[in-house]
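Reckoned from all heavy atoms, side chains included, excluding hydrogens, waters and symmetry mates. The chain is numbered in sequence order, starting from 1.
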Amino acid sequence: QVQLVESGGGLVQAGGSLRLSCAASGRTFSSIVMGWFRQAPGKEREFVAAINWSGGRKTYADSVKGRFTISRDNAKNTVYLQMNSLKPEDTAGYYCAASFSATYYKEGDEYDYWGQGTQVTVSS
């Protein structure tokens with residue numbers, strides 16, 4: 001089992017920045033793929049970013065490339081999502097997810113464990 005707890009969400013003006021954190025506990029954190037997804041009201045969940053166990057492979061949705069950065073600290077069992085140049089369309093609930101077997105990284109079905117989410121609201 002893996003438990004995931006997100007933090008760092010909030011209200012920010014367009015153009016601002018936030019850093020989300022996801023603390024993991026349970027099974028070996030350093031061996032798992034970590035991803036971030038988001039879901040806005042009335043919309044389907046969408047992939048945001050993912051990172052492999054070593055940090056050597058990072059994948060981003062086209063909509064966030066160049067603005068968001070995913071990273072991880074295996075010593076702290078934590079994955080981060082640095083979000084810069086935020087736009088109103090980034091407003092959503094952001095969810096951390098973990099997988100021991102993901103290969104594509106962008107599909108929610110690849111992930112076995114999910115956090116409760118943290119809300120990000122970007123005002124115009």
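Here the closest non-hydrogen pair linking S124 and P88 is CB-CG, 3.8 Å. Nearest heavy-atom pair, M83 versus V120, reported as atom, atom and distance to 0.1 Å: CE-CG2, 3.8 Å. In plain terms, the two heavy atoms of S99 and E110 that are nearest each other are OG-O, 2.8 Å. Scanning both residues, I32 and A98, for their nearest heavy atoms gives CD1-CB, 3.8 Å. For the residue pair A92 and Q39, the shortest heavy atom distance occurs at CB-O, 3.5 Å. Between L4 and C96 the shortest heavy-atom distance is CD1-O, 3.7 Å.
Pairs passing the ring pair (Phe, Tyr, Trp, His ring centres under 6.0 Å) check and including a residue from residues 90-112, sequence neighbours excluded, read F37-Y111. Legend: ring pair (Phe, Tyr, Trp, His ring centres under 6.0 Å) pairs involving residues 59-82, not counting sequence neighbours: none detected. Within the structure, disulfide (SG to SG under 2.5 Å) contacts touching residues 44-78 (residues at least two apart or in different chains) do not occur. For residues 64-76, the pairs satisfying side chain to side chain donor-acceptor pair (under 3.5 Å) are D62-K65, R67-D90, R72-N74, with sequence neighbours left out.
Note: the hydrophobic cluster containing W36 also contains L86 (ILVMFWY, side chain heavy atoms under 4.5 Å, direct or indirect links).
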Give the table of side-chain donor-acceptor pairs shorter than 3.5 Å for residues 48-57, with sequence neighbours excluded, one pair per line with atom names and distance.
unit_1	atom_1	unit_2	atom_2	d
N52	OD1	G55	N	2.9
N52	OD1	G56	N	2.9
N52	OD1	R57	N	3.0
N52	ND2	S54	OG	3.4
S54	OG	G56	N	3.1
R57	NH1	T103	O	3.1
R57	NH2	T103	O	3.0

Taking distance alone, no hydrogens or angles, what donor-acceptor pairs closer than 3.5 Å link side-chain atoms of residues 12-20 to residues at least two apart or in another chain?
unit_1	atom_1	unit_2	atom_2	d
S17	OG	N84	OD1	2.9

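At distances below 3.5 Å, not a single donor-acceptor pair connects side-chain atoms of T78 with backbone N or O atoms of A23. A donor-acceptor pair is defined here as one N or O able to donate and one able to accept, closer than 3.5 Å; such a pair exists between the side chain of E6 and the backbone of Q116.
With a 4.5 Å cut-off on side-chain heavy atoms, R38 and L81 do not count as touching.
For the atom pair M34 CE and K58 NZ, the distance stands at 14.0 Å (nearest 0.5 Å).
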